[in-house]
Amino acid sequence: MSNKYLDCDISELKLNKTIVEKLKENQILKIQDLWIKNRTYLKSIGLSDSQIKDVIIKLELIGLDLNKRKNK
């Protein structure tokens with residue numbers, strides 16, 4: 001089962017500009033690049049807990065979660 005959003009740019013998640021900039025600085029350009037990461041990694045690149053929560057919520061809205069989990 002494939003998610004149609006995996007190959008999309010992270011801007012499709014409509015995240016805060018600061019979050020997107022931080023992700024792009026760390027070569028996270030596509031949703032698939034973000035999806036394979038975990039909370040600890042996002043914390044290590046400088047995202048705050050509230051920013052990470054925003055990322056998790058946006059991913060859940062398209063049926064994905066951090067650390068390669070898919071929701072039906």
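- Using a 4.5 Å heavy-atom threshold, the side chains of Lys22 and Asn16 count as separate.
- From Leu15, atom CG reaches atom CG of Leu34 across 7.5 Å, with rounding to the nearest 0.5 Å.
- For the pair Ile56 and Glu60, the minimum side-chain heavy-atom distance is below 4.5 Å.
- At distances below 3.5 Å, not a single donor-acceptor pair connects side-chain atoms of Glu21 with backbone N or O atoms of Thr18.
- The salt bridge (charged side-chain N to carboxylate O under 4.0 Å, His left out) analysis of residues 25-35, with sequence neighbours excluded, yields no pairs.
- Across Lys58 and Lys14, no two heavy atoms sit closer than the pair NZ-O, 3.5 Å.
- For the pair Asp7 and Gln32, the minimum side-chain heavy-atom distance is below 4.5 Å.
- Here Leu13 contributes atom CG and Ile57 contributes atom CD1; the two are 12.0 Å apart, rounded to the nearest 0.5 Å.
- To the nearest 0.5 Å, atoms CG (Asp49) and CG (Leu42) are separated by 10.5 Å.
- If you chain together hydrophobic residues whose side chains sit under 4.5 Å apart, Tyr5 and Leu61 never meet in one group.
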Item to complete: Any chance you could lay out the side chain to side chain contact (heavy atoms under 4.5 Å, CB included) test for Asp9 and Lys24, step after step, and finish with the verdict?
Response: CA-CA 10 Å; Asp9 189 84; Lys24 287 187 176 186; 3.9 Å; yes
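- For the atom pair CG of Leu59 and CG of Asn67, the computed distance is 11.5 Å after rounding to the nearest 0.5 Å.
- Taking OG1 of Thr40 as the reference point, atom NZ of Lys43 lies at 9.5 Å (rounded to 0.5 Å).
- In this structure, Asn26 CG and Tyr41 OH are separated by 4.5 Å, a value rounded to the nearest 0.5 Å.
- Every residue two or more places apart in sequence or in another chain was checked for a side-chain hydrogen bond (donor to acceptor under 3.5 Å, both in side chains) with Ser44, and none qualifies.
- Using a 4.5 Å cut-off on side-chain heavy atoms (C-beta onward), Leu6 and Trp35 make contact.
- Remark: of the listed residues Ile19, Leu23, Val55, Leu29, Leu23 is the sole one forming a side-chain contact (heavy atoms from CB on, under 4.5 Å) with Ile10.
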